[in-house]
2 protein chains.
Amino acid sequence: MTTAAPNARALVHPAREEIRLEGVLHALADPLRLLVVRELASEDAELTCSHFELPITKSTTTHHFRVLREAGLVQQVYRGTAKVNVLRRADLDALFPGLLDSVLAAAAGQADRLGDA
Amino acid sequence: MTTAAPNARALVHPAREEIRLEGVLHALADPLRLLVVRELASEDAELTCSHFELPITKSTTTHHFRVLREAGLVQQVYRGTAKVNVLRRADLDALFPGLLDSVLAAAAGQADRLGDA
DNA sequence: CCTCTCGTACGATAAGCATCGTACTACGGA
DNA sequence: TCCGTAGTACGATGCTTATCGTACGAGAGG
């Protein structure tokens with residue numbers, strides 16, 4: 001009632017203060033999840049889960065996005081049958097200043113170095 | 001022969017270019033390992049494994065230090081019966097500029113916030 | 001209403017990992 | 001030479017995690 005659509009299925013997110021560094025690092029330590037975060041950051045847009053072409057099945061994709069959500073890295077909202085993802089940049093920058101940017105830069109640098117797009 | 005002590009037992013380290021971001025993040029995602037890295041960074045000194053008072057047995061300690069070494073976070077050298085650890089700051093800063101510092105700052109901030117020393 | 005697409009739930013499986021205990025090696029000092 | 005301290009090796013154990021397949025639910029569009 002307070003804000004926005006009442007029709008959306010519920011989706012649990014940690015509050016800003018509940019986000020733990022270890023959880024964030026663990027979430028980012030997986031290559032696929034790191035890729036997702038990189039793409040979310042570079043596009044700075046709302047991307048549906050299905051937008052990402054990951055070499056895994058749908059169920060595994062669901063799993064990875066849940067990890068990202070529960071770690072506090074992304075905010076997810078249902079839009080129709082799709083689920084859109086947004087990076088929680090403000091929360092992360094407030095809690096861990098510079099962390100996200102340096103991880104993204106490191107990932108970009110390494111991708112460059114290794115030539116994997 | 002080339003450099004230093006020939007009597008030291010061998011200890012495998014990844015070369016700078018072999019250090020992978022995912023490995024670094026994974027190593028840092030463990031609370032105990034993060035603690036060790038924080039202490040190594042703050043003291044900026046060579047600390048033996050036994051210097052750390054971790055709530056785990058010796059074998060588990062060995063395990064964690066191996067993870068740190070193999071991820072490229074610390075350099076380890078035997079000194080007598082002891083093994084001294086040094087943060088590979090130069091290598092990490094060269095590969096992933098700003099990453100280590102922001103992780104350390106984030107860890108300090110979180111420790112502050114949660115009041116766990 | 002039917003059907004397509006998107007995503008979930010659940011169970012299974014296999015791999016990884018943190019942890020321990022015990023037995024062992026290596027070095028240094030008495 | 002003998003002992004103590006630092007760390008390792010190895011095997012076991014139990015937890016977590018990445019992965020899949022199949023069956024299901026929820027919207028959108030005809």
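Regarding contacts with the backbone of C:dA9, a side-chain N or O of A:R66 is found under 4.0 angstrom from either OP1 or OP2. Applying the 4.0 Å criterion to OP1 and OP2 of C:dA18, one finds that B:R33 has a side-chain N or O inside that range. Contact between the side-chain N/O atoms of B:T62 and the OP1/OP2 oxygens of D:dA9 is not found at any separation under 4.0 Å. Distances shorter than 4.0 Å separate some side-chain N or O of A:K83 from OP1 or OP2 on C:dT8. Residue B:T60 has a polar side-chain atom (N or O) positioned under 4.0 Å from OP1 or OP2 of C:dC20. Put simply, B:T81 has no side-chain N or O that comes within less than 4.0 Å of OP1 or OP2 on D:dG7.
Heavy-atom contacts from other residues, nucleotides or ligands closer than 6.0 Å to CZ of A:R79 number 12 or fewer.
Summarising the geometry, the separation between NE2 on A:H26 and P on C:dG16 is reported as 14 Å, rounded to the nearest angstrom. Distance B:H64 NE2 to D:dA9 C1': 17 Å, rounded to the nearest Å. Atom pair A:R69:CZ and C:dT8:P shows a separation of 8 Å (rounding to whole Å applied). Atoms OH (B:Y78) and C1' (D:dG7) sit 6 Å apart, rounded to a whole Å. Atom CZ of B:F65 is separated from atom C1' of C:dA18 by 15 Å (rounded to the nearest Å). Straight-line distance from the CG atom of B:N85 to the P atom of D:dA6: 14 Å, rounded to whole Å. Rounded to an integer number of Å, the gap from CG of B:L28 to C1' of C:dA18 is 17 Å. For the pair B:L11 CG and C:dA26 C1', the interatomic distance rounds to 14 Å; values are reported in whole Å.
Formation of a donor-acceptor pair under 3.5 Å by the A:E46 side chain with backbone atoms of A:V86 is not found in this model. Panel note: side chain B:H64, backbone B:L32; no donor-acceptor pair is recorded below 3.5 Å.
Between the side chains of A:S59 and A:T62, no donor-acceptor pair is found at a separation under 3.5 Å.
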Stepwise salt bridge (charged side-chain N to carboxylate O under 4.0 Å, His left out) test for B:R89 and B:D101
CA-CA 10 Å; B:R89 216 180 231 294; B:D101 283 331; 3.2 Å; yes

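Looking at B:K58, its side chain comes within 3.5 Å of the base of D:dG7 through a donor and an acceptor atom.
If you find the closest nucleotide of DNA chain D to A:I56 and to B:S50, the one lying nearer the 5' end belongs to B:S50. Of the two residues near DNA chain C, B:H63 and A:H51, the one whose nearest nucleotide lies more 5' is A:H51.
In this structure, of D:dG7, C:dA18, D:dA26, it is D:dG7 that holds the atom nearest to the side chain of B:A82. Of the candidates C:dG7, C:dT22, C:dA18, C:dT22 carries the atom nearest the B:S59 side chain, counting heavy atoms from C-beta on.
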